[in-house]
Amino acid sequence: MAQNRRILVLFAHPGQRYSRANRDLAQAAIKVRGVTFVDLYAEYPRHKIDVEKEQQRLLDHDVILFQFPMFWYSTPSILKEWQDLVLEYGFAYGKDGDKIAGKLFSLVVTTGGPSQFYQKGGRNNFTIRELLTPLEQTANLCGLHFVPPYTLFAAHSAGEDTRLAHHVEGYERFLGALRDNSLDMDKAGKMPLLSADALPILQGAQP
């Protein structure tokens, strides 16, 4: 029987008290067995990132997730700072920089706008997957296996109906499937985005 994967969730949200969606997602992740949850803004309020500590976290885990709200078509600033400092030449890429190659990498993203805004001709002109291309290419450069983003659109209004609860429950199943190696990676890789509704299709069995 394959050993369970160890999951690292790096959470970045500078205004958590205003975000029910990301708060609920964070609370769900913390409860999942095998997950190490790191709130980057809480740990580094002055953005003074401990590079050796963060690199060791990467070495100690098999799956790396960035959880964040989409800010100006990118990540919150601390995640960019984290990448600039932690993913060093000789560690994550370049000569002898294969220390995290082979691990899984994915994104857990929320947006303020609805899905129709994120398409050609929509308000934002590009799909979420296109806007996240720099992160996907970062994964490629570091030899990581990119898993399509688990995405919630129109997060501000998701709590007004059943969407948020459904998405949070799906997030728990997504983490469990990554941990237990029950996610169909071939099927997942052919999808632009993942969602709670897609998970039953992708998993061999419900965790």
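The analysis underlying the following values was restricted to heavy atoms, covering all of them including side chains, and did not include hydrogens, waters or symmetry mates.
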For this session: Any chance you could lay out the salt bridge (charged side-chain N to carboxylate O under 4.0 Å, His left out) test for E43 and K53, step after step, and finish with the verdict?
Result: CA-CA 12 Å; E43 187 142 348; K53 181 178 181 179; 2.6 Å; yes
Problem set entry | D84 vs K80, salt bridge (charged side-chain N to carboxylate O under 4.0 Å, His left out): CA-CA, chis, key distance, verdict | CA-CA 6 Å; D84 290 347; K80 182 59 168 64; 2.7 Å; yes
Exercise. Can you say whether the rings of H13 and F11 are parallel (under 30°), tilted (30 to 60°) or perpendicular (over 60°)?
Worked result: tilted
Exercise. Do the ring planes of Y171 and Y150 sit parallel (below 30°), tilted (30 to 60°) or perpendicular (above 60°)?
Worked result: parallel
Seminar exercise, completed: Nearest heavy-atom contact between H145 and G102 is CD2-O, 3.2 Å
Exercise. Are the side chain of R20 and the backbone N or O of S157 linked by a donor-acceptor pair below 3.5 Å?
Worked result: no
For this session: Would you confirm whether K31, through its side chain, and E172, through its main-chain N or O, come within 3.5 Å as a donor-acceptor pair?
Result: no
For this session: Begin with the C-alpha distance, continue with both residues' side-chain angles, and end with the deciding distance and a verdict on ring pair (Phe, Tyr, Trp, His ring centres under 6.0 Å) for W82 and Y44.
Result: CA-CA 10 Å; W82 185 96; Y44 303 112; 9.7 Å; no
For this session: From the options N124, T111, I128, select the one residue that forms a side-chain contact (heavy atoms from CB on, under 4.5 Å) with F117.
Result: N124
Problem set entry | Check: F71 main-chain N/O paired with S74 side-chain donor or acceptor under 3.5 Å | no
Problem set entry | D98 backbone acceptor or donor facing Y93 side chain under 3.5 Å | no
Seminar exercise, completed: Partner of D62 under salt bridge (charged side-chain N to carboxylate O under 4.0 Å, His left out), picked from R179, R6, R5, is R6
Exercise. Hey, are the side chains of N125 and K120 touching, using non-hydrogen atoms and a 4.5 Å cut-off?
Worked result: no
Exercise. Does a donor on one side chain sit under 3.5 Å from an acceptor on the other, for Q56 and D60?
Worked result: yes
Problem set entry | H167 and D24: side chain donor to acceptor below 3.5 Å | no
Problem set entry | Ring-ring centroid check F126 Y73, cutoff 6.0 Å | no
For this session: Carefully, step by step, assess F66 and F105 under the rule ring pair (Phe, Tyr, Trp, His ring centres under 6.0 Å).
Result: CA-CA 8 Å; F66 286 178; F105 176 72; 5.0 Å; yes
